[in-house]
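Comments concern the structure below.
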Amino acid sequence: MEVGLWRGWVCRNLYGQMSERNSGKLRVRFAPSPTGFLHVGGARTALFNWLWARREGGTFVLRIEDTDLARSERRFAEGILEALRWLGLDWDELYYQSERLEIYRRYAQRLLDEGKAYHCFCTPEEVAARLGRNRGLEYDGHCRGLSEEERRRYLEEGRKPALRFVVPEEKKHTSFRDFLRGEISFERLTTGDFVIMKSDGTPTYNFACVIDDHEMGITHVLRAEDHISNTPKQIWIYEALGWEPPEFGHLSMILGPDRRKLSKRHGATSVEELRAQGFLPKAVVNYLATLGWSPPGGREIWEPEELIQAFSLDRVVTSPQVFDLEKLKWVNRKHLSRLSGKELFDAARPFLEWLGGEALRDEGKVIKALELVVPSISTLGELVGNPDLEVLFRPPELDGAVLEELSRPPAPEALERLLEALPDAISREGLKPLVHRVAGELGVRPREVFHPLRLALTGRGKGPELASICEVLGREEVARRIRKALELLEKGR
RNA sequence: GUCCCCGUCGUCUAGCGGUCUAGGAUCCCGGUCUUUCAAGCCGGAGGCGGGGGUUCGAAUCCCCCCGGGGACACCA
């Protein structure tokens with residue numbers, strides 16, 4: 001069957017079965033290794049699994065693959081958990097592979113007993129020496145048919161064996177069905193007898209992964225493309241253990257602007273960093289959801305709950321995606337503009353410390369201030385040191401250039417008249433008529449009154465709407481700042 | 001080197017043989033609104049990697065080429 005057809009067919013049928021059978025049947029997982037921060041590629045994989053599980057009323061399993069003692073770190077595992085929590089991707093079950101070593105050993109023993117695996121005493125160095133440094137060369141089977149004598153000698157040398165899985169030559173020509181891509185077949189997989197248990201007693205990825213996916217009842221493995229060539233190996237292990245493999249589907253990779261696998265050197269690529277920069281979690285979820293999945297109707301902005309409803313596998317594409325920070329910023333801006341005052345305050349809170357505790361005491365004022373400034377920013381990080389925001393809490397320093405501008409007519413006169421008229425008109429609606437009146441009295445255009453007022457209040461030529469600034473500052477503060485400006489002008493004369 | 005995957009505007013994508021002089025979004029450019037900047041609104045530029053087939057008809061199906069990416073560990 002052709003790929004396109006088959007894709008449509010499998011997706012539709014999958015859903016059919018799913019709802020007919022038992023809607024709680026789908027079990028998917030996300031299985032990160034805690035060797036670094038959660039990067040956006042991993043987050044996208046987690047998200048798709050989560051969306052799918054939630055959509056189908058299935059189970060989302062989180063499994064920390066920390067069998068590599070040398071590279072795994074507790075803090076990374078915690079960081080990943082925290083990042084997922086932040087994104088709102090809640091899991092139903094959580095496992096650590098490092099706590100399941102007995103299980104792997106048990107199955108490894110079984111494969112050994114059944115002659116489907118064998119001890120290998122070669123050190124990595126010896127194997128490398130025999131094969132050369134070239135990649136793509138397979139283990140030569142040196143230890144496959146070791147005699148008792150040889151075994152004993154190695155043991156006496158104090159060698160600890162690794163366990164290798166027997167891969168018959170004829171199995172290397174193989175194929176499997178990918179529920180996103182259709183049939184994937186391999187002319188000849190370049191895989192010799194591969195290690196399933198390391199000499200330190202921990203399992204390798206391909207082995208632990210199979211044992212766990214089976215033990216945890218995973219029905220569908222949805223992971224990134226870089227696992228395609230692992231899949232046949234894993235299927236062999238399922239077969240050797242007499243298990244039915246789950247269905248496999250492979251998402252594309254997420255690339256940097258240079259079309260290479262996204263990595264640290266591409267800038268902010270971990271969700272921790274995005275969080276630190278002030279992206280909203282639901283904006284990140286929204287953006288990531290549309291990387292490789294196209295929402296029906298072409299709508300761009302979605303709440304997480306809406307994504308769950310709209311998500312479907314048949315709109316997932318398998319070509320690689322470039323991570324576009326600009327688009328993420330746009331999505332973030334859209335979500336920022338949707339927040340309520342209270343939500344905005346809570347989200348912005350970590351980015352307001354620099355204003356000082358005193359400034360933050362009046363939550364109502366902070367919210368008003370944020371509502372003024374946020375439309376002009378893309379990330380909450382842009383609030384840090386933001387002059388438009390600062391000026392709402394601290395009087396501006398009027399520098400020489402500003403005073404110079406303010407000293408030019410009709411500015412001084414305009415400020416004085418505004419000050420006189422302030423007591424009766426400084427509401428949000430009242431400013432405009434007031435300015436127009438003063439402009440009329442002076443015989444100048446309104447902008448020649450607006451501009452000096454802006455300079456006196458903020459020390460800057462641009463910023464949010466003046467009336468709103470006045471409203472946030474309050475009449476007293478507005479008067480104080482105008483008076484201050486006039487004083488400085490007086491002094492400079 | 002071997003194997004695998006992928007290929008529509010710069011980027012994310014719609015597209016399942018005619019409705020495509022290829023639609024949307026972002027970015028960029030221009031205009032508009034406004035007391036300023038941004039946002040908003042309106043408009044514009046920009047693409048089916050190439051070549052062969054199949055067909056009355058191909059972005060859509062097939063083949064070759066080219067390009068990009070990935071995998072080949074006692075990492076996951």
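Letters A, B, ... are given to chains in the order of the sequence lines, protein chains preceding strands, and every chain is numbered from 1. Computed from heavy atoms alone, side chains included, the values below leave out hydrogens, waters and symmetry copies. Small disclaimer: the values here were computed from a predicted structure and weren't measured.
- A donor N or O paired with an acceptor N or O is not found under 3.5 Å between the base of B:rC5 and the side-chain atoms of A:Arg181.
- Candidate nucleotides B:rC6, B:rA76, B:rC12 were compared by shortest atom distance to the side chain of A:Pro320, and B:rC6 ranks first.
- Heavy atoms of A:Ser252 sit nowhere under 4.0 angstrom from any nucleic acid atom.
- Of the residues near RNA chain B, A:Asn206 and A:Lys327, the one whose nearest nucleotide (by heavy atom distance) lies more toward the 5' end is A:Lys327.
- Between the side chain of A:Ser199 and the backbone N or O of A:Pro161, no donor-acceptor pair lies under 3.5 Å.
- In this structure, A:Lys261 reaches the sugar-phosphate backbone alone: every heavy-atom distance under 4.0 Å involves primed, P, OP1 or OP2 atoms, never a base.
- A:His227 comes within 4.0 angstrom of a nucleotide base, judged by non-hydrogen atoms across all strands.
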Would you give a per-nucleotide map of nucleotides 36-43 of chain B, 5' to 3', where B means the base has a protein non-hydrogen atom under 4.0 Å away, S means only the sugar-phosphate does, and - means neither?
-> BBSSS---

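- Comparing B:rC62 with B:rG44, their P atoms sit 36 Å apart, to the nearest whole Å.
- When heavy atoms are screened at a 4.0 angstrom cut-off, A:Arg71 is found touching base atoms of the nucleic acid.
- As the counterpart of B:rU21, no nucleotide is assigned, since no Watson-Crick or G-U wobble pattern has both distances under 3.5 Å.
- Rounded to an integer number of Å, the gap from CD1 of A:Ile228 to P of B:rC4 is 11 Å.
- Residues forming a side-chain contact (heavy atoms from CB on, under 4.5 Å) with A:Glu187 (at least two apart in sequence, or on another chain): none.
- Comparing the P positions of B:rC4 and B:rC9 gives a spacing of 26 Å, expressed to the nearest Å.
- Using a 4.0 Å heavy-atom criterion, one finds that A:Glu187 contacts the sugar-phosphate atoms exclusively.
- For the ring-ring contact (aromatic ring centres under 6.0 Å, His included) test, residues two or more places apart in sequence or in another chain that qualify with A:His227 are A:Tyr205.
- Rounded to whole Å, atom P of B:rU13 lies 16 Å from atom CH2 of A:Trp302.
- Note that A:Arg164 lies in the cation-pi zone of A:Tyr139, set by a 6.0 Å cut-off to the ring centre and a 45° limit from the axis.
- For B:rA14, one of the phosphate oxygens OP1 or OP2 lies less than 4.0 angstrom from a side-chain nitrogen or oxygen of A:Ser294.
- Atom CZ of A:Arg177 and atom P of B:rC4 are 19 Å apart (whole Å).
- Both A:Leu255 and A:Phe121 lie close to RNA chain B; mapped to their nearest nucleotides by heavy-atom distance, the more 5′-ward contact belongs to A:Leu255.
- If you measure from atom NZ of A:Lys172 to atom P of B:rU2, you get 17 Å, rounded to the nearest angstrom.
- Under the 4.0 Å criterion applied to side-chain N and carboxylate O atoms, A:Arg338 and A:Glu343 are not assigned as salt-bridge partners.
- For the pair A:Asp258 CG and B:rG68 C1', the computed distance is 11 Å after rounding to whole Å.
- Nucleic acid contact class of A:Ser199 (heavy atoms, under 4.0 Å, all strands): base.
- Side-chain contact between A:Arg223 and A:Leu251 is absent, with no heavy atoms from C-beta onward closer than 4.5 Å.
- Using a 4.0 Å heavy-atom distance criterion, A:Asp66 is classed as making no nucleic acid contact.
- Applying the Watson-Crick and G-U wobble criteria (two distances, each under 3.5 Å), B:rC66 pairs with B:rG7.
- For the pair A:Ile184 CD1 and B:rA71 C1', the computed distance is 12 Å after rounding to whole Å.
- Counting only heavy atoms from C-beta on, A:Asp68 has its side chain closest to B:rA76 among B:rA76, B:rG24, B:rG7.
- Of the candidate nucleotides B:rU2, B:rA14, B:rA76, B:rA14 has the atom lying nearest to any side-chain atom of A:Val317.
- When each of B:rC75, B:rC27, B:rG15 is scored by its nearest atom to the side-chain atoms of A:Glu326, the top-ranked nucleotide is B:rC27.
- When the C1' atom is compared between B:rC74 and B:rG70, the two are found 23 Å apart, to the nearest whole Å.
- Note: NZ (A:Lys233) to P (B:rC3) measures 16 Å, nearest angstrom.
- The listed nucleotides are B:rA14, B:rC6, B:rU35; the one nearest the side chain of A:Thr318 is B:rC6.
- Within 4.0 Å of A:Cys209, counting heavy atoms only, lies no atom of the nucleic acid at all.
- The phosphate of B:rU34 has neither OP1 nor OP2 within less than 4.0 Å of any side-chain N or O from A:Lys432.
- At the heavy-atom level, A:Gly292 lies under 4.0 Å from the strands shown only through sugar-phosphate atoms.
- Look at A:Ser185 and you won't find any side-chain N or O under 4.0 angstrom from OP1 or OP2 of B:rC4.
- Of all nucleotides present, only B:rG43 satisfies the Watson-Crick or G-U wobble test against B:rC29, with each distance under 3.5 Å.
- At a threshold of 4.0 Å, the pair A:Asp388-A:Lys462 does not count as salt-bridged, since none of the basic side-chain nitrogens sits closer than that to a carboxylate oxygen.
- Spacing of C1' atoms, B:rG46 relative to B:rU13, comes out at 15 Å, to the nearest Å.
- Note on A:Arg260: a side-chain N or O is less than 4.0 Å away from OP1 or OP2 of B:rG69.
- Between A:Arg259 and B:rU11, a side-chain N or O to OP1/OP2 separation shorter than 4.0 Å is present.
- Note on A:Pro124: a base of the nucleic acid sits closer than 4.0 angstrom, heavy atoms only.
- Rounded to whole Å, the separation between the P atoms of B:rC61 and B:rC6 comes to 12 Å.
- Ion pairing between A:Glu247 and A:Arg177 fails under the 4.0 Å rule for side-chain N and carboxylate O.
- The NE2-C1' distance, from A:His119 to B:rC74, rounds to 14 Å in whole Å.
- Contact annotation for A:Arg164: backbone-only contact, meaning every heavy-atom pair under 4.0 Å involves sugar-phosphate atoms and none involves a base.
- Of the charged side-chain nitrogens involved, none lies within less than 4.0 Å of a carboxylate oxygen, so that A:Glu102 and A:Arg106 do not count as a salt-bridged pair.
- Across B:rU8 and B:rC16, the matching C1' atoms stand 14 Å from one another, rounded to whole Å.
- Taking the P atom of each, B:rA14 and B:rA39 are spaced 28 Å apart, rounded to whole Å.
- A cation-pi arrangement, defined by a distance under 6.0 Å to the six-membered ring centre and an angle within 45 degrees of its axis, is present between A:Lys233 and A:Phe194.
- The 12-atom threshold is not exceeded at CZ of A:Arg260, counting heavy atoms of other residues, nucleotides or ligands nearer than 6.0 Å.
- Remark: A:Glu125 does not engage A:Arg130 in a salt bridge, criterion side-chain N to carboxylate O under 4.0 Å.
- A close approach under 4.0 Å does not occur between any side-chain nitrogen or oxygen of A:Gln321 and OP1 or OP2 of B:rU11.
- Looking at the side chain of A:Glu300, the nearest of the listed nucleotides B:rA76, B:rC6, B:rG24 is B:rG24.
- Between B:rA59 and B:rG51, the distance separating the two C1' atoms is 16 Å to the nearest Å.
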